[in-house]
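Beneath this line is the structure, given in structure tokens, with notes to follow.
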Amino acid sequence: MNHVPPRIPFDELAFPVEETASAEVEVWQRKKIEVGLKDADEGRFASHETVKSVIRKFVSNG
């Protein structure tokens, strides 16, 4: 038999996600966002050097 399975789009293979987040995940996300906004309002951000080091870690020509 020469059965060929259907093609799966690259995005679905590389970035599998559920259609909707569970209520538990939404609560977690909302808390993380609120903490991030509070930190930003209080002026707490990553330094320029920290951002550069992260970029260099993940981008080959960064």
Side-chain angles (χ1 to χ4, degrees):
M1 288 171 63
N2 289 339
H3 174 71
V4 177
R7 291 183 59 110
I8 300 174
F10 174 77
D11 285 349
E12 289 180 24
L13 289 170
F15 311 105
V17 294
E18 294 182 28
E19 291 295 318
T20 58
S22 69
E24 187 176 282
V25 170
E26 287 184 17
V27 168
W28 173 82
Q29 288 174 330
R30 198 171 306 267
K31 286 180 182 177
K32 294 294 280 185
I33 291 168
E34 289 170 358
V35 168
L37 290 173
K38 182 177 181 284
D39 287 347
D41 287 343
E42 294 173 0
R44 289 194 299 270
F45 296 95
S47 70
H48 182 72
E49 290 304 315
T50 301
V51 172
K52 281 174 53 175
S53 71
V54 170
I55 290 172
R56 285 188 184 126
K57 180 177 178 181
F58 294 103
V59 178
S60 60
N61 62 350

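Just so you know, these numbers come straight off a predicted model, no measurement behind them.
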May I have the step-by-step check of salt bridge (charged side-chain N to carboxylate O under 4.0 Å, His left out) for Lys38 and Glu34, ending in yes or no?
-> CA-CA 6 Å; Lys38 182 177 181 284; Glu34 289 170 358; over 6 Å; no
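Taking Ile, Leu, Val, Met, Phe, Trp and Tyr as hydrophobic and joining them when side-chain heavy atoms fall under 4.5 Å apart, one finds Val54 in a cluster with Phe58.
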Side-chain donor-acceptor distances from residues 23-31 under 3.5 Å, at least two apart:
none

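Thr50 approaches Ser53 most closely through the heavy-atom pair O-OG, 2.9 Å.
By the side-chain hydrogen bond (donor to acceptor under 3.5 Å, both in side chains) test, Lys32 pairs with no residue at all, sequence neighbours left out.
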